[in-house]
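Everything below concerns the one structure shown next.
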Amino acid sequence: MRIEGDIVDENKIREAVRLLLEGIGEDPDREGLRETPDRIARMYGEIFAGMSEDAAGHLSRVFTVDSREMVLERDIVFYSMCEHHMLPFFGKVHVAYIPDGRVTGLSKLARTVEVYARRLQLQERMTAQIADAVMESLAPLGVMTVVEAEHMCMTMRGIKKPGSSTVSVAVRGAFAEDERLQDRFFQLLQLGRE
């Protein structure tokens with residue numbers, strides 16, 4: 001669900017990219033770079049689209065159920081941008097919740113991930129934001145979110161450790177109170193992977 005107005009100012013991005021190109025010793029007017037500021041401005045409009053979206057709008061479409069059994073959407077692929085170095089981090093999100101009379105469409109969980117991934121972000125914050133959005137919108141008995149990601153700021157610069165991954169976890173409600181639910185979550189993540 002879009003929030004009123006666009007956040008991204010493409011004119012400012014174009015100007016900034018020209019300055020960046022000059023700052024690294026490039027000529028922004030050379031043939032290969034002439035259209036780069038415009039391309040990057042459009043790209044940033046896409047990859048930061050979550051800045052003008054509200055996850056609650058996606059999660060507002062609900063269905064009534066009698067079940068209180070765990071619902072798990074796993075392996076939701078995402079791409080985000082680290083706010084410290086403005087480099088990508090990417091991976092998979094796994095979201096589970098215990099419904100209390102209401103469920104949402106599975107695509108709505110993936111859309112919720114996209115809302116928070118398409119911003120300058122910290123993985124730990126994104127993990128919590130996803131869990132909190134599901135908790136607030138669906139009022140389930142509990143939520144658990146796990147994010148596994150590779151950060152380009154660790155693989156292409158700095159310590160340069162390709163293949164390393166970071167795992168962050170957020171637990172709310174029944175998942176925070178019952179370790180057996182957390183264990184069941186991790187068992188379900190492994191189903192079909194052996």
Who passes side chain to side chain contact (heavy atoms under 4.5 Å, CB included) against Arg180, sequence neighbours left out? Asp178
Are [X] and [Y] side-chain neighbours, meaning at least one heavy-atom pair lies under 4.5 Å?
{"X": "Val71", "Y": "Thr104", "result": "no"}
{"X": "Arg172", "Y": "Met144", "result": "no"}
{"X": "Lys161", "Y": "Thr155", "result": "no"}

Are any side-chain N or O atoms of [X] and backbone N or O atoms of [Y], one a donor and one an acceptor, separated by less than 3.5 Å?
{"X": "Arg34", "Y": "Asp29", "result": "yes"}
{"X": "Gln123", "Y": "Thr166", "result": "yes"}
{"X": "Ser80", "Y": "Phe89", "result": "no"}
{"X": "Arg102", "Y": "Phe63", "result": "no"}
{"X": "Ser60", "Y": "Gly57", "result": "yes"}
{"X": "Arg119", "Y": "Val115", "result": "yes"}

Are more than 12 heavy atoms, taken from residues, nucleotides or ligands other than [X], located less than 6.0 Å from that residue's [atom1] atom?
{"X": "Arg39", "atom1": "CZ", "answer": "yes"}
{"X": "Met43", "atom1": "CE", "answer": "yes"}
{"X": "Asp66", "atom1": "CG", "answer": "no"}

Listing request: all side chain to side chain donor-acceptor pair (under 3.5 Å) pairs with a residue in residues 108-117, at least two apart in sequence or in separate chains. Glu114-Arg118
Shared hydrophobic cluster, Val167 / Leu122 (ILVMFWY, side-chain heavy atoms < 4.5 Å): no
Does Leu106 share a hydrophobic cluster with Val93, counting links as ILVMFWY side-chain heavy atoms below 4.5 Å and allowing steps through other members? yes
Qualifying salt bridge (Lys or Arg N to Asp or Glu O under 4.0 Å) pairs, either residue in residues 138-148, two or more places apart: none
Residues Arg42, Glu46: salt bridge by 4.0 Å N-O rule: no
Assess, by modelled atom type and distance only, whether the side chains of Arg125 and Gln129 contain a donor and an acceptor separated by less than 3.5 Å. no
CZ of Phe90 to CZ of Phe78: how many Å apart, nearest 0.5 Å? 9.0 Å
